[in-house]
2 protein chains.
Amino acid sequence: MGATKTEHFTSKQNSIATIAKALGHPARVAILEYLMKVDSCICGDIVNELPLAQPTISQHLKELKNAGLIKGNIEGNAICYCVDEKTIARMLQYLEAINQKIEMKKLKCC
Amino acid sequence: MGATKTEHFTSKQNSIATIAKALGHPARVAILEYLMKVDSCICGDIVNELPLAQPTISQHLKELKNAGLIKGNIEGNAICYCVDEKTIARMLQYLEAINQKIEMKKLKCC
DNA sequence: AATCTTTATTGTAATATTGCAATATAAAAT
DNA sequence: ATTTTATATTGCAATATTACAATAAAGATT
């Protein structure tokens with residue numbers, strides 16, 4: 001059929017996948033990195049920085065926001081976007097747990 | 001057009017996105033978790049474990065392999081798949097770096 | 001109030017992903 | 001040698017994603 005069978009997986013699996021999926025596009029990785037680099041973080045800057053049209057960037061920002069990776073505050077007619085540390089931390093902890101398990105069992109196979 | 005403009009981003013951004021994208025599906029997260037849980041890691045087991053058809057799982061395994069998240073050894077007529085710790089570590093380090101930067105600048109905006 | 005600036009939304013075309021039935025491949029067991 | 005077991009590939013339909021032009025919305029500036 002073509003649609004992800006979300007309902008067959010745990011909510012944790014789905015939520016990790018959602019975060020990872022949002023990180024799964026180089027433009028969104030670049031946006032995150034840019035938001036980290038500058039102190040003021042306004043969409044217009046990003047449009048000047050990246051080789052993508054303004055609607056495309058707006059859409060990528062929306063996806064990052066839906067996944068909880070960034071948050072945005074309205075400041076006058078501009079919007080201040082910045083990285084949401086909680087979601088980064090969640091993903092980080094997940095990978096740390098995997099990493100620890102790998103070290104513990106030290107590859108019985110492969 | 002619809003195709004990701006890979007060429008406009010750095011190879012690091014693309015490679016992080018590739019790893020994240022492979023993690024960006026709950027079935028692939030579940031496969032990774034299953035590979036971690038069991039000691040023997042053979043595709044047939046995964047088919048019994050997950051509510052997806054064998055070709056679908058085979059395809060997900062291929063994508064995880066292409067992204068470097070798992071590696072597979074042929075063992076007789078079965079294949080022993082397991083998590084590739086190097087790629088997990090790369091993603092982990094990337095997120096750790098972001099996390100540290102966030103802590104350093106402690107949110108000048110938002 | 002008219003205009004400018006900044007961001008979002010809509011519509012649409014191109015492309016990619018997801019999922020599976022059917023089939024292929026290849027080693028193991030009989 | 002045939003059959004069984006384990007995995008991969010092909011082909012295809014359904015759906016999702018990516019990108020952008022055109023347009024809308026909403027606060028700021030004049």
Side-chain angles (χ1 to χ4, degrees), chain A residues 1-9 13-14 17-18 20-31 34-35 40-67 70-82 109, chain B residues 1-9 13-14 17-18 20-31 34-35 38 40-67 70-82 109-110:
Chain A
M1 287 78 193
T4 296
K5 292 189 157 183
T6 307
E7 70 277 12
H8 290 315
F9 304 98
Q13 285 163 348
N14 278 307
T18 298
K21 192 176 187 178
L23 277 172
H25 191 291
R28 292 193 288 267
V29 171
I31 287 172
Y34 186 64
L35 288 184
S40 76
C41 37
I42 288 146
C43 179
D45 294 353
I46 303 172
V47 173
N48 295 331
E49 185 81 1
L50 298 189
L52 292 171
Q54 181 268 323
T56 306
I57 292 190
S58 185
Q59 193 180 282
H60 281 308
L61 286 167
K62 196 177 175 185
E63 280 172 63
L64 284 168
K65 200 176 177 188
N66 286 342
I70 63 174
K71 48 192 174 181
N73 279 25
I74 297 170
E75 305 228 333
N77 64 339
I79 290 185
C80 171
Y81 277 118
C82 63
C109 56
Chain B
M1 287 82 192
T4 295
K5 292 189 158 182
T6 308
E7 69 278 12
H8 291 315
F9 302 98
Q13 284 164 350
N14 278 307
T18 298
K21 192 176 187 176
L23 277 171
H25 191 290
R28 292 192 289 268
V29 171
I31 287 173
Y34 185 64
L35 288 185
V38 297
S40 76
C41 36
I42 289 147
C43 180
D45 293 354
I46 303 171
V47 173
N48 294 331
E49 185 81 359
L50 298 187
L52 291 171
Q54 181 269 324
T56 307
I57 291 189
S58 185
Q59 192 181 282
H60 281 307
L61 286 168
K62 195 178 177 185
E63 280 173 63
L64 285 169
K65 201 177 178 186
N66 286 342
I70 63 174
K71 48 191 173 182
N73 279 25
I74 296 170
E75 304 227 335
N77 66 338
I79 290 186
C80 172
Y81 277 117
C82 62
C109 56
C110 303

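Keep in mind that what you see is a predicted model, and the values were worked out from it rather than measured. Values reported hereafter were calculated over all heavy atoms of this structure, with side chains retained and with hydrogens, waters and symmetry mates removed. Labels below follow one simple rule: chain letters A, B, ... track the order of the sequence lines, proteins then strands, and each chain is numbered from 1.
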If you go through the side-chain atoms of B:Q54, does one of them form a donor-acceptor pair with the base of D:dA6 closer than 3.5 Å?
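A donor-acceptor contact between them is absent.
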Can you work out whether A:K21 or B:N77 has the more 5'-proximal nearest nucleotide on DNA chain C?
A:K21
Separation of [X] atom [atom1] from [N] atom [atom2], in whole Å?
{"X": "B:L50", "N": "C:dG19", "atom1": "CG", "atom2": "P", "value": "11 Å"}
{"X": "A:N66", "N": "C:dT9", "atom1": "CG", "atom2": "P", "value": "10 Å"}
{"X": "A:D45", "N": "C:dT6", "atom1": "CG", "atom2": "C1'", "value": "11 Å"}
{"X": "B:H25", "N": "C:dA16", "atom1": "NE2", "atom2": "C1'", "value": "13 Å"}
{"X": "B:N73", "N": "C:dA26", "atom1": "CG", "atom2": "P", "value": "18 Å"}
{"X": "A:H8", "N": "C:dT18", "atom1": "NE2", "atom2": "C1'", "value": "13 Å"}
{"X": "B:I74", "N": "C:dT25", "atom1": "CD1", "atom2": "P", "value": "16 Å"}
{"X": "B:I31", "N": "C:dT18", "atom1": "CD1", "atom2": "P", "value": "11 Å"}

Selection from [options] that lies nearest to any side-chain heavy atom of [X]:
{"X": "B:R28", "options": "C:dT18, D:dT7, D:dA19", "value": "C:dT18"}
{"X": "A:A3", "options": "D:dT18, D:dT7, D:dT15", "value": "D:dT15"}
{"X": "A:L52", "options": "D:dC20, D:dA6, C:dG19", "value": "D:dC20"}
{"X": "B:T4", "options": "C:dG19, D:dC20, D:dA19", "value": "D:dA19"}

Write down the atom of [X], the atom of [Y], and the distance for their closest heavy-atom approach.
{"X": "A:Q13", "Y": "B:V29", "answer": "CG-CG1, 3.9 Å"}
{"X": "B:R28", "Y": "B:K21", "answer": "NH2-O, 3.4 Å"}
{"X": "B:A22", "Y": "B:L64", "answer": "O-CD2, 4.0 Å"}
{"X": "B:L50", "Y": "B:I57", "answer": "CB-CD1, 4.0 Å"}
{"X": "B:C82", "Y": "B:L35", "answer": "CA-CD1, 4.1 Å"}

Got a sec? Which of residues 55-65 of chain A come in under 4.0 Å of DNA chain D, heavy atoms?
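Those residues are A:P55, A:T56, A:Q59, A:H60, A:E63.
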Any side-chain N or O of A:Y81 less than 4.0 Å from the OP1 or OP2 oxygen of C:dT6?
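Checking C:dT6 against A:Y81, no side-chain N or O comes under 4.0 Å of OP1 or OP2.
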Using modelled atom types only, decide if a donor and an acceptor are shared between the side chain of A:S58 and the backbone of A:Q54 within a distance under 3.5 Å.
no
Could you grab the distance from atom CG of A:L52 to atom CZ of B:F9, nearest 0.5 Å is fine?
4.5 Å
